[in-house]
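Note sheet for the following structure.
Chain identifiers are assigned alphabetically (A, B, ...) following the order of the sequence lines, protein sequences preceding nucleic acid strands; residue numbering begins at 1 within each chain. In this text, all values refer to a predicted model and were calculated from it rather than measured experimentally.
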Number of protein chains: 2
Amino acid sequence: MKIIVTAEARLPKNYALVRDMVHEHGTGRHLTAADVHSFAKQRQPRIGYSTVYRALNRLARLGLVSEVLVPGADVTYYESVAGPHAHFRCAACGRIDDLDYRLPKAAVARIAREHGFEIGDVLVNFTGRCASCREPAGG
Amino acid sequence: MKIIVTAEARLPKNYALVRDMVHEHGTGRHLTAADVHSFAKQRQPRIGYSTVYRALNRLARLGLVSEVLVPGADVTYYESVAGPHAHFRCAACGRIDDLDYRLPKAAVARIAREHGFEIGDVLVNFTGRCASCREPAGG
DNA sequence: GGTGAATCTGAAAACTACTATCACTTTCGA
DNA sequence: TCGAAAGTGATAGTAGTTTTCAGATTCACC
């Protein structure tokens, strides 16, 4: 039985390019697959959508980029890997912000124990209106 | 200026039917629009998808049913309105469970204050494997 | 009741994000 | 160098949801 030590070792050139695009543009920002594709095209004009999607899927599976699944937004966003955090989505302008918040470990452990779950991911999402969108209309 | 007091007052017949279907079948369960449609058809065989979708959208906007937006599941679920709670989605079998958990109010208030957000919804989602799906494969 | 405007309706087409297919090319290990 | 395995881009396909459209229904007002 072989153990793959570095997932990077066998990463195809285009996949590495995609990873770089996410790391360069996606720190604190949230890129759609289309965004990533258009960034990637600046360096590799012939790269296709399919390759970008395939790359993002694999990179996410390998833990080299983070998928950001935002309920209510009907696209998947990508960002560089970071510690666990929450997301805020402004219902008015659609922008998504990172928040430095995570659920208390004890709470997660309790839920897992009580229900017999094995909990992998914990997603915390806030929806509302961001500071800029609140101003004009008042409350 | 007129103020609409009861949102129910002007609810079209089919929309009320859809609401009833969700309330009858969707307490503690999670119905897709297709589920709702097929339940509704048992009472109103000529009702179409469009009407069900339109009804669900409006009912959700009016707060008469709850949309369950589960990241990773690519459908929207609906359930009757209930107090705030979290959802667990089993990545293996796809089932979705209600959990009696909500974020500490103080935490939400702090985030809103710090960022200037007006926070409406708070969504907490756990993903992992449910008790039944853990058994066969072990860990 | 009667009337006209606004709303609702269902079938079907359109939309959108994403995935699968296909034939071709590239990569990699031996 | 060779052959198998993996990657590639164009294109077609998929699925959930939304839009369109012409006809039916409802409602406020008389």
Side-chain angles (χ1 to χ4, degrees), chain A residues 2 4 6-22 30-62 64-65 67-78 89 94 96, chain B residues 1-19 21-22 30-62 64-65 67-78 89 94 96:
Chain A
K2 261 187 221 170
I4 296 170
T6 57
E8 306 260 346
R10 300 181 122 262
L11 210 59
K13 226 185 291 184
N14 279 340
Y15 288 31
L17 172 63
V18 166
R19 179 203 53 202
D20 293 346
M21 293 303 98
V22 174
H30 302 89
L31 307 175
T32 64
D35 293 335
V36 176
H37 180 238
S38 75
F39 284 128
K41 262 175 103 155
Q42 292 170 14
R43 294 232 196 127
Q44 181 91 47
R46 293 195 36 77
I47 195 170
Y49 261 100
S50 344
T51 301
V52 170
Y53 271 108
R54 277 184 288 236
L56 290 170
N57 279 343
R58 181 173 315 170
L59 293 167
R61 219 171 342 110
L62 293 172
L64 300 174
V65 306
E67 261 180 347
V68 182
L69 300 168
V70 182
D74 45 5
V75 287
T76 302
Y77 294 94
Y78 295 89
R89 173 170 156 273
I96 290 164
Chain B
M1 179 196 187
K2 261 185 219 170
I3 293 179
I4 297 171
V5 180
T6 58
E8 307 260 346
R10 300 181 119 261
L11 209 58
K13 227 185 291 182
N14 279 339
Y15 289 31
L17 171 63
V18 165
R19 180 204 52 200
M21 292 303 99
V22 174
H30 302 89
L31 307 175
T32 63
D35 293 334
V36 176
H37 181 238
S38 75
F39 284 126
K41 262 176 103 156
Q42 290 169 15
R43 293 232 198 127
Q44 181 90 46
R46 294 195 37 78
I47 195 170
Y49 261 100
S50 346
T51 301
V52 170
Y53 273 107
R54 278 184 287 237
L56 289 170
N57 280 343
R58 181 173 314 169
L59 293 168
R61 218 174 339 111
L62 294 173
L64 300 174
V65 305
E67 261 181 346
V68 182
L69 300 167
V70 181
D74 44 7
V75 287
T76 303
Y77 294 93
Y78 296 88
R89 174 171 155 272
I96 290 164

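Taking the ring-ring contact (aromatic ring centres under 6.0 Å, His included) definition, one finds that A/Y53 meets it with nothing, sequence neighbours left out.
A distance-only check finds no donor-acceptor pair linking the side chain of A/H30 to the backbone of A/Y77 [under 3.5 Å]. Side-chain N or O atoms of A/D20 include none that pairs as donor or acceptor with a backbone N or O of A/L17 at under 3.5 Å.
Contact check, B/K13 against D/dT26: a side-chain N or O comes under 4.0 Å of OP1 or OP2. Distances shown here put every side-chain N or O of B/N14 at or beyond 4.0 Å from the OP1 or OP2 atom of C/dC8. An OP1 or OP2 oxygen of D/dT17 is reached within less than 4.0 angstrom by a side-chain nitrogen or oxygen of B/Y53.
Note: CZ (B/R54) to C1' (C/dG10) measures 8 Å, nearest angstrom. Put simply, CG on B/L56 is 15 Å from P on C/dC8, counting in whole angstrom units. As a whole-Å value, the separation of A/R10 CZ from C/dT27 P is 14 Å. In this structure, B/D74 atom CG and C/dA17 atom C1' are separated by 10 Å, rounded to whole Å. Rounded to a whole Å, the NE2 atom of A/H37 is 14 Å from the C1' atom of C/dC18. To the nearest angstrom, C1' of D/dT8 lies 13 Å from CG of A/L17. Here the C1' atom of nucleotide D/dA15 and the OH atom of B/Y77 are 13 Å apart, to the nearest Å. Put simply, CG on A/N57 is 14 Å from P on D/dT8, counting in whole angstrom units.
If you take CG on A/L56 and CD on A/E67, they are separated by 8.5 Å, rounding to the nearest 0.5 Å.
Nearest-nucleotide positions on DNA chain D for B/A33 and A/V52 put A/V52 closer to the 5' end.
Contacts between residues 39-50 of chain A and DNA chain D, defined by a heavy-atom separation below 4.0 Å, involve A/R46, A/I47, A/G48, A/S50, listed by number.
Considering only heavy atoms from C-beta on, B/L11 comes within 4.5 Å of B/L64 through its side chain. Annotation: side chain of B/Q42 is not in contact with side chain of B/M21 (no heavy-atom distance under 4.5 Å). Using a 4.5 Å heavy-atom cutoff, the side chains of A/L59 and A/Y78 are not in contact.
With hydrogens and angles ignored, no donor-acceptor pair closer than 3.5 Å exists between the side chain of A/R58 and the base of D/dG7.
Contacts of A/T76 with the nucleic acid, taken as non-hydrogen atoms under 4.0 Å apart, involve only primed sugar atoms and P, OP1 or OP2.
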